[in-house]
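Here, residue 1 is the first one in the sequence, and each next residue gets the next number. Owing to the predicted nature of the structure, the values given are computational and were not obtained by experimental measurement.
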Amino acid sequence: MAMNILLFSSIALSLAFLALAFEPSPLQDFCVADPTSSARVNGQACKSPASVVANDFSFSGLHIPGNTSNPNGSRVTPVTAAQLPGLNTLGISMARVDYAPWGINPPHTHPRATEILTVIEGSLQVGFVTSNPDNSLITKTLQKGDVFVFPVGLVHFQRNVGTGNAVAIAALSSQNPGVITIANAVFGSKPDISSDILAKAFQVDMTVVDWLQAKF
């Protein structure tokens with residue numbers, strides 16, 4: 001009996017902790033990010049409401065095409081709490097993505113957000129890969145006005161398959177979704193991951209790994 005009570009109490013405490021840790025409802029009107037604060041919280045500390053201004057809730061620039069003159073032929077213009085402080089704690093953000101013809105937004109993940117993407121101009125091949133052990137590729141070609149969802153944490157990509165420039169707007173379910181570009185993370189880590197580890201993981205010669213690491 002005592003063991004059952006102890007088990008029940010442990011479960012209740014665990015559930016209470018989870019409820020506190022994942023409280024979905026804001027407990028105040030807003031929490032505008034204060035980048036000057038040295039406080040360490042899960043997110044950014046709040047500015048004093050008395051110092052909040054309209055510009056804290058505004059961002060200008062998504063009408064400006066991004067510079068796609070880079071090896072990937074794409075450019076992401078993010079609007080997260082770092083660019084729009086009023087997003088802090090609200091659980092949303094967005095981005096504009098520009099693509100040159102055949103440009104790609106390379107395989108990457110958002111560790112803290114699901115992404116929903118809308119094609120504004122052009123044609124995009126999009127896709128994501130399911131988790132182990134299946135690793136199934138879910139892919140589709142989108143046209144202007146089409147929408148596609150990338151589930152949180154899964155590796156996904158986009159590629160412009162049209163002859164002109166393409167533009168998409170992405171919405172994300174976090175004010176700080178994060179991004180892990182797979183190639184950069186694996187081959188461009190600082191310091192480098194040991195060549196023998198990557199050679200074994202990718203089943204290639206270490207010279208191939210060294211060549212790839214030199215590119216990142």
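Hydrophobic cluster membership is shared by Leu212 and Ile182, with clusters built from Ile, Leu, Val, Met, Phe, Trp and Tyr side chains linked at under 4.5 angstrom. Under a hydrophobic clustering in which Ile, Leu, Val, Met, Phe, Trp and Tyr are joined whenever their side-chain heavy atoms come within less than 4.5 Å, directly or via other members, Val119 and Leu62 fall into different clusters. Under a hydrophobic clustering in which Ile, Leu, Val, Met, Phe, Trp and Tyr are joined whenever their side-chain heavy atoms come within less than 4.5 Å, directly or via other members, Met94 and Ile120 fall into the same cluster. Transitive grouping of hydrophobic side chains (ILVMFWY, heavy atoms separated by less than 4.5 Å) keeps Trp102 and Val97 in distinct clusters. Val76 is connected to Leu124 through a chain of hydrophobic side-chain contacts under 4.5 Å among Ile, Leu, Val, Met, Phe, Trp and Tyr, so both are in one cluster.
When atom types are taken as modelled, the side chain of Ser173 and the backbone of Thr114 share a donor-acceptor pair closer than 3.5 angstrom. Here the side chain of Asn160 pairs no donor or acceptor atom with the backbone of Gly103 at under 3.5 angstrom. Here the side chain of Ser93 pairs a donor or acceptor atom with the backbone of Ser174 at under 3.5 angstrom. A donor-acceptor contact shorter than 3.5 Å is absent between the side chain of Ser194 and the backbone of Asp196. Checked by atom type and distance alone, the side chain of Ser74 pairs as donor or acceptor with a backbone atom of Ile104 at under 3.5 Å. Formation of a donor-acceptor pair under 3.5 Å by the Ser195 side chain with backbone atoms of Asp210 is not found in this model. Distance alone, capped at 3.5 Å, is enough to place a donor-acceptor pair between the Gln213 side chain and the Ile193 backbone.
Ala113 approaches Pro177 most closely through the heavy-atom pair CB-CB, 3.5 Å. Taking both residues in full, the closest heavy atoms of Gln44 and Cys31 are given as O-SG, 4.1 Å, listed atom of the first, atom of the second, then distance. Minimum heavy-atom separation, Ser189 to Pro191: OG-O, 2.9 Å. Nearest approach of Phe59 to Pro78, heavy atoms of both residues: CZ-O, 4.3 Å. Nearest heavy-atom pair across Met206 and Ala199 is CG-CB, 3.6 Å.
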Step by step, would you call Val32 with Asn88 a side-chain contact (heavy atoms from CB on, under 4.5 Å)?
-> CA-CA 6 Å; Val32 173; Asn88 193 38; over 6 Å; no
Could you walk me through whether Thr89 and Gln28 pass side-chain contact (heavy atoms from CB on, under 4.5 Å), step by step?
-> CA-CA 10 Å; Thr89 75; Gln28 55 209 24; 5.8 Å; no
Decide yes or no on side-chain contact (heavy atoms from CB on, under 4.5 Å) for Gln175 and Arg112, but give the supporting numbers first.
-> CA-CA 9 Å; Gln175 70 271 7; Arg112 294 178 289 276; over 6 Å; no
May I have the step-by-step check of side-chain contact (heavy atoms from CB on, under 4.5 Å) for Leu142 and Leu117, ending in yes or no?
-> CA-CA 10 Å; Leu142 307 181; Leu117 180 133; 4.3 Å; yes
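Between atom NZ of residue Lys144 and atom OG of residue Ser123 there is a gap of 11.0 Å, rounded to the nearest 0.5 Å. The distance from atom OG1 of Thr118 to atom CZ of Phe148, rounded to the nearest 0.5 Å, is 12.5 Å. Note that the CZ atom of Arg75 and the CD1 atom of Ile64 stand 13.5 Å from one another [nearest 0.5 Å]. Remark: Leu154 CG to Ile138 CD1 distance equals 9.5 Å, nearest 0.5 Å. Leu87 contributes atom CG, which lies 11.0 Å from atom CG of Asp56 (distance to the nearest 0.5 angstrom). Residue Ile169 holds its CD1 atom at 13.0 Å from CD1 of Ile116, rounded to the nearest 0.5 Å.
Each of Leu172, Asn176, Ile180 was compared with His110 under the side chain to side chain contact (heavy atoms under 4.5 Å, CB included) criterion, and only Leu172 meets it. Screening Val155, Val179, Val152, Thr181 for a side chain to side chain contact (heavy atoms under 4.5 Å, CB included) with Thr109, the sole residue that qualifies is Val155.
Put simply, the side chain of Gln158 does not reach to within 4.5 Å of the side chain of Gln125, judged on heavy atoms. Side-chain contact between Asn105 and Asn72 is absent, with no heavy-atom pair separated by less than 4.5 Å. At a threshold of 4.5 Å between non-hydrogen side-chain atoms, the residues Val186 and Phe202 count as touching.
Between Phe30 and Phe57, the ring planes lie perpendicular to each other; the angle is over 60°, past the 30° to 60° tilted range.
Residues in residues 81-105 take part in these salt bridge (Lys or Arg N to Asp or Glu O under 4.0 Å) pairs, two or more places apart or across chains: Arg96-Asp98.
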